[in-house]
Amino acid sequence: MRLQVEKDLFTDAVGWVARTIPHRPAVPVLAGMKIVADADGHISLSSRDSDITSHVDIDADVIEAGEILVNGKLLADICRALPAQPIEFSTDGNKVDIECGSAHFSMKVMTMDDYAELHDMPPVVGSVDGSLWQEAVQQVTIAASNDDTLPMLVSVCIEIHGDSIMLMATDRYRLAVKEIAWKPEDPDISVRILVRAARLLDIAKALGSAGPVDISLNDAQLPTLIGFAAAGKQNTVQLIDGDYPQVLSLFPEEVAGFAVMDRGELSEAIKRARLVVEKNSAVRLAFSQDELVLDAGQGDTAQASEALAATVDGKDITMAFNPVFLQEGLAVLNAKSVRLAYTQENKPAVFTGQDEKGVVDESFRLLLMPIRTYGSR
């Protein structure tokens, strides 16, 4: 193999593919990045882990075609350190030489005997706006669990019905739901799948700015593999097998009242209150006419209290929440104001965004379980 390629283009491609390579590979071959150069002037780079693959194609001046497997993380580090000049890439026996200006590196070529071929990209079932998809995934994945012993809860449930996609995630203490529009190939498509939240978020961030994202499934009825592609970059992910709980029933059908507050002001107040909140403790939100009083801390330790303007429609109520959950939820609402709908002190509350005209955006809903405090009934 021998080729010359533009430095920034190659560095971006290598860095993007290297994301998939595990930091501690279960087997040595998974540390590898496969590079294939063909006589038509194309380079394909790919990597894999146990449940995900990455693939990208770029153009280059291919002098001699070939394929190799090299340590992907090391190659990415080398490329980032190279000067802003074209890269010359050539193999010599079991080594690959990398020259860029006055810089020269050599790397050992890994054996491909145990390297399994990547999955073929499944058929495209539709496309979605990349920035819209990224926002939706970021909003929902905050509620996914980090406990790997619970496969259902570390995943995002994706329900596709016609031209609508609904994403759901829960860790049993909060539930996030987002609904967006997309362009399906089949207007009658109906499928429910589970994707690991961390994988979904990583891919959405990587492809979000690349334009429309094509979504693929290997089977429209009982899929086991999902693919995402944009601007020549491709990922496939193994789906999680299982039946996701019917979480939408957790949202209350009726509410006793609601409060509307400035999202930025509330977020800053919670940030200040957290300075005195001990581990596993809550912040208390007391709602009364035109006011929210936020309290944190108790006993002989440090305490904090702050009053904020609020529009309250309903009975006075005091609720306590995990401040981290509150902050994470407010961070992804993307609205001027936040609307908190409630039923009872110890029943779930629903957070939605509200614009300056008072229009509530229910395309994203965050349900939080309150924390019982002393004096709660």
Side-chain angles (χ1 to χ4, degrees), residues 19-27 30 48-53 119 133-161 165-180 191-206 215 217-219 222-228 235-252 277 279-282 320-332 346-351 364-372:
R19 294 165 30 261
T20 302
I21 298 173
H23 292 288
R24 296 179 180 178
V27 291
L30 291 180
R48 66 178 304 129
D49 197 356
S50 58
D51 64 332
I52 184 172
T53 69
H119 297 290
W133 178 251
Q134 180 179 347
E135 179 186 74
V137 173
Q138 287 177 319
Q139 288 179 315
V140 168
T141 50
I142 63 164
S145 175
N146 295 317
D147 187 351
D148 287 330
T149 64
L150 302 170
M152 294 295 102
L153 301 187
V154 300
S155 64
V156 172
C157 178
I158 302 176
E159 280 192 0
I160 302 176
H161 296 292
I165 296 180
M166 182 178 290
L167 298 92
M168 297 168 280
T170 182
D171 58 5
R172 293 179 298 184
Y173 307 106
R174 51 185 167 170
L175 164 64
V177 176
K178 176 71 173 184
E179 188 170 3
I180 60 172
V191 65
R192 197 171 199 247
I193 57 177
L194 303 181
V195 186
R196 187 177 180 86
R199 295 299 196 196
L200 191 65
L201 179 60
D202 182 57
I203 294 171
K205 287 181 177 179
I215 299 178
L217 294 172
N218 64 337
D219 188 317
L222 296 172
T224 58
L225 188 72
I226 189 170
F228 302 93
N235 285 112
T236 64
V237 184
Q238 292 283 347
L239 299 179
I240 294 176
D241 187 25
D243 294 323
Y244 203 74
Q246 298 296 330
V247 293
L248 294 180
S249 62
L250 297 176
F251 286 99
V277 174
K279 186 178 181 181
N280 299 323
S281 294
F321 296 99
N322 181 315
V324 176
F325 291 176
L326 281 174
Q327 270 197 306
E328 291 179 345
L330 293 172
V332 299
N346 294 315
K347 297 293 184 181
V350 180
F351 293 75
F364 173 67
R365 294 177 290 166
L366 176 65
L367 182 145
L368 289 186
M369 291 294 297
I371 296 175
R372 285 182 176 271

Enquirer: Do any N or O atoms from the side chain of Asn218 and from the backbone of Leu225 form a donor-acceptor pair under 3.5 angstrom?
Expert: yes
Enquirer: Taking all non-hydrogen atoms of both residues into account, name the closest pair between Pro252 and Leu367 and its distance.
Expert: CD-CD1, 4.3 Å
Enquirer: What residues form a side-chain hydrogen bond (donor to acceptor under 3.5 Å, both in side chains) with Gln138, not counting sequence neighbours?
Expert: none
Enquirer: Could you tell me which residues satisfy side-chain hydrogen bond (donor to acceptor under 3.5 Å, both in side chains) with Asp147, sequence neighbours excluded, listed by chain and number?
Expert: Thr149
Enquirer: So Ile371 and Tyr173, do their side chains get closer than 4.5 Å, heavy atoms only?
Expert: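 Not touching, per the 4.5 Å side-chain cut-off.
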Enquirer: Applying side chain to side chain contact (heavy atoms under 4.5 Å, CB included), can you list everything that pairs with Val237, at least two apart in sequence or on another chain?
Expert: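 Here the qualifying residues are Ile52, Val195, Arg199, Ile203, Ile226.
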Enquirer: Find the distance between CD1 (Ile165) and CD1 (Ile215) and round it off to the nearest 0.5 Å.
Expert: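 Those atoms lie 4.5 Å apart.
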Enquirer: Give the intermediate values and the outcome of side chain to side chain contact (heavy atoms under 4.5 Å, CB included) for residues Glu135 and Ile180.
Expert: CA-CA 10 Å; Glu135 179 186 74; Ile180 60 172; over 6 Å; no
Enquirer: With heavy-atom distances below 4.5 Å as the criterion, would you say the side chains of Leu217 and Ile193 are in contact?
Expert: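 A side-chain contact under 4.5 Å exists here.
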Enquirer: Taking C-beta and beyond as the side chain, do Leu248 and Arg365 meet within less than 4.5 Å on heavy atoms?
Expert: yes
Enquirer: With Pro323, which residues qualify under side chain to side chain contact (heavy atoms under 4.5 Å, CB included), at least two apart?
Expert: Ile270, Arg274, Val277, Val283
Enquirer: Taking only residues two or more places apart in sequence or in another chain, which ones pass side-chain hydrogen bond (donor to acceptor under 3.5 Å, both in side chains) with Thr236?
Expert: Thr53
Enquirer: I'd like to know if Asp148 and Arg196 make a salt bridge, using a cut-off of under 4.0 Å between side-chain N and carboxylate O.
Expert: yes
Enquirer: Can you name the residues that form a side chain to side chain contact (heavy atoms under 4.5 Å, CB included) with Pro245, not counting sequence neighbours?
Expert: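 Here the qualifying residues are Val247.
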Enquirer: What's the shortest heavy-atom distance between Pro348 and Met369, and which atoms?
Expert: CG-SD, 3.3 Å
Enquirer: Looking only at heavy atoms, which two atoms of Ala176 and Leu366 are closest? And how far apart?
Expert: CB-CD1, 4.1 Å
Enquirer: State, with a plain yes or no, whether a side-chain heavy atom of Asp219 is found less than 4.5 Å away from one of Thr224.
Expert: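 When only atoms from C-beta onward are counted, Thr224 and Asp219 do not touch, as no gap falls below 4.5 Å.
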Enquirer: Which residue pairs pass the salt bridge (charged side-chain N to carboxylate O under 4.0 Å, His left out) test when at least one of the two sits in residues 239-252, sequence neighbours left out?
Expert: none
Enquirer: Of all residues at least two apart in sequence or in a different chain, which pass the side-chain hydrogen bond (donor to acceptor under 3.5 Å, both in side chains) check with Asn146?
Expert: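 Counting only residues at least two positions away or on another chain, Asn146 forms no side-chain hydrogen bond (donor to acceptor under 3.5 Å, both in side chains).
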Enquirer: With sequence neighbours left out, write down each residue that passes salt bridge (charged side-chain N to carboxylate O under 4.0 Å, His left out) with Glu328, or none if nothing qualifies.
Expert: Arg174
Enquirer: Consider side-chain contact (heavy atoms from CB on, under 4.5 Å). Of Val324, Leu201, Val332, which one does Ile142 pass it with?
Expert: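 It is Val332, the one option of Val324, Leu201, Val332 that forms the side-chain contact (heavy atoms from CB on, under 4.5 Å) with Ile142.
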Enquirer: What's the shortest heavy-atom distance between Val350 and Phe251, and which atoms?
Expert: CG2-CD2, 3.8 Å
Enquirer: Kindly give the heavy-atom pair with the smallest separation between Lys178 and Ala136, and that separation in Å.
Expert: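 Result for this residue pair: CG-CB, 3.6 Å.
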Enquirer: Please report the interatomic distance CH2(Trp133) to CG(Leu167), rounded to the nearest 0.5 Å.
Expert: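 One finds 4.5 Å between CH2 of Trp133 and CG of Leu167.
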Enquirer: Can you list, pair by pair, the side-chain donor-acceptor contacts under 3.5 Å of residues 151-161, counting residues two or more places apart and other chains?
Expert:
residue : atom : partner : partner atom : Å
Ser155  : OG   : Met152  : O            : 2.5
Glu159  : OE2  : Arg192  : NE           : 2.4
Glu159  : OE2  : Arg192  : NH2          : 3.3
His161  : ND1  : Ser190  : OG           : 2.9

Enquirer: Less than 4.5 Å apart, side chain to side chain, heavy atoms only: is that true for Val191 and Pro223?
Expert: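 Yes, at least one pair of side-chain atoms sits under 4.5 Å.
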Enquirer: Taking side chain as C-beta onward, heavy atoms only, is Asn235 less than 4.5 Å from Thr20?
Expert: yes
Enquirer: Do Asp171 and Phe325 have side chains that approach each other closer than 4.5 Å (heavy atoms only, starting at C-beta)?
Expert: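 In short, these two side chains touch, coming nearer than 4.5 Å.
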Enquirer: In the structure I gave you, are the side-chain heavy atoms of Val140 and Met168 within less than 4.5 Å of one another anywhere?
Expert: no
Enquirer: Apply side chain to side chain contact (heavy atoms under 4.5 Å, CB included) to Ala349 and list each qualifying residue two or more places apart in sequence or on a separate chain.
Expert: Met319, Phe321, Leu340, Phe351
Enquirer: Do you know which two heavy atoms are closest between Ala169 and Ala143, and how far apart they sit?
Expert: O-CB, 3.4 Å
